[in-house]
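Atoms within a ligand are numbered from 1 in the order they appear, just like the ligands themselves.
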Amino acid sequence: MPAYIAFEGPEGCGKSTQAARLAEATGAVLTRETGGTDIGVRLRTILHDTTVDDLADRAEALIAAADRAQHIAEVVRPALQAGRSVISDRSVYSTLAYQGYGRGLDIDAVRRINEWATDGLWPDVVVYLDAPDEVIAERMRRRELDRFEAAGDQFHERVTAGYRTMAAADPERWVIVPAIGSIDTVADVIRRALDARAR
Ligand code: TMP
């Protein structure tokens, strides 16, 4: 059975690298949200534009959901229907974490909007790369920040707390991997955790 696997985590946790590694090792389709389609690339420019300082929280959530609607329709569902597994760098759970827990939008409303946007297709498995808060804060100090990265420590603490809450509430779907050690070490832990889950 083809699987829809999402990688989630805060910025700088290494999830893009790990998603690419797993896709290469397994032959799955590698994709991303936001910006996994041409339409999504255009929507993403608004979300990340540091000169945008008046985007309403609900509009932000709807742009992320629009990106996702296009991505599911154009990339994820067709790949699954063709029998390919899909590995996505971020998913609906990013909107729940960032716009729901981070911005403080109603979590159930964000779920419902995304249930409609995805026509009910949610990831089968979420690999959550859990990095210590101080590691993330330190990595962000060294980067040029986009709109989300510049949102402040408290925002990011709410986001990571939200991720941990969602993971704890849905242990069948979520695989928590400590983002500690070398790229190879973390890749090994992910492979072993997914193999154990498949058995
Ligand atoms: P990334 O593409 O480098 O992972 O960064 C994406 C940023 O966009 C990250 O800060 C999280 C944010 N984001 C949301 O706020 N909501 C979403 O639904 C998605 C997919 C990303």
Quiz item: Is any N or O atom of Thr34, backbone or side chain, closer than 3.5 Å to an N or O atom of ligand 1?
Solution: no

Quiz prompt | Location of contacts on Glu8 toward ligand 1, heavy atoms closer than 4.0 Å | solution = neither

Quiz prompt | Arg32: numbered ligand 1 atoms lying under 4.0 Å from its heavy atoms | solution = 2 (O)

Quiz item: Can you list the ligand 1 atoms lying under 4.0 Å from a non-hydrogen atom of Glu33?
Solution: 20 (C)

Self-check item: N-O pairing of Lys15 and Asp89 below 4.0 Å
Solution: yes

Quiz prompt | Residue and atom name of the nearest protein heavy atom (relative to atom 9 (C) of ligand 1), distance in Å to one decimal | solution = Glu11 OE2, 3.3 Å

Self-check item: atom 18 (O) of ligand 1 [closest protein heavy-atom partner, distance rounded to 0.1 Å]
Solution: Thr95 OG1, 2.5 Å

Quiz item: What do you reckon, does Arg44 have a nitrogen or oxygen under 3.5 Å from a nitrogen or oxygen of ligand 1?
Solution: yes

Quiz item: Just by distance, do the side chain of Arg84 and the backbone of Pro2 share a donor-acceptor pair under 3.5 Å?
Solution: no

Practice problem: Please confirm whether the backbone N or O of Ala109 pairs with a side-chain atom of Asp106, one donor and one acceptor, at under 3.5 Å? | Solution: yes

Practice problem: Identify the protein heavy atom lying closest to atom 7 (C) of ligand 1, giving its residue, its atom name and the separation to 0.1 Å. | Solution: His48 CE1, 3.5 Å

Quiz prompt | Pair Ser182-Asp184, side-chain donor/acceptor within less than 3.5 Å | solution = no

Quiz item: Are the ring centres of Tyr93 and Trp122 closer than 6.0 Å?
Solution: yes

Quiz item: Is the closest heavy atom of Glu60 to ligand 1 under 4.0 Å?
Solution: no

Quiz item: Does Arg90, backbone or side chain, put an N or O under 3.5 Å from an N or O of ligand 1?
Solution: yes

Quiz item: Among Asn114, Thr37, Thr118, Thr34, whose side-chain hydrogen bond (donor to acceptor under 3.5 Å, both in side chains) with Arg68 holds?
Solution: Asn114

Quiz item: In terms of side-chain geometry, is the basic nitrogen of Arg192 or Asp195 positioned less than 4.0 Å from the acidic oxygen of its partner?
Solution: no

Practice problem: Looking only at protein heavy atoms, identify the closest one to atom 19 (C) of ligand 1 and say how far it is in Å. | Solution: Ser94 CB, 3.5 Å

Practice problem: Please determine if Arg90 forms a cation-pi arrangement with Phe7, meaning its NZ or CZ atom is less than 6.0 Å from the six-membered ring centre and no more than 45° off the ring axis. | Solution: no

Quiz item: Is Asp130 salt-bridged to Arg164, going by a charged N under 4.0 Å from an acidic O?
Solution: yes

Self-check item: Polar contact flag for Ser91 and ligand 1 (N/O pairs, less than 3.5 Å)
Solution: no

Exercise. Find all atoms of ligand 1 within a distance of less than 4.0 Å from any non-hydrogen atom belonging to Arg68, and give their numbers and elements.
Key: 18 (O), 20 (C)

Exercise. Among all protein heavy atoms, pick out the one at the shortest distance from atom 16 (N) of ligand 1; state its residue, atom name and that distance to 0.1 Å.
Key: Gln99 OE1, 2.8 Å

Self-check item: Geometric N/O contact Lys15 with ligand 1, under 3.5 angstrom
Solution: yes

Exercise. Ignoring hydrogens and angles, state whether a donor on the side chain of Ser91 or Ser88 is under 3.5 Å from an acceptor on the partner side chain.
Key: no

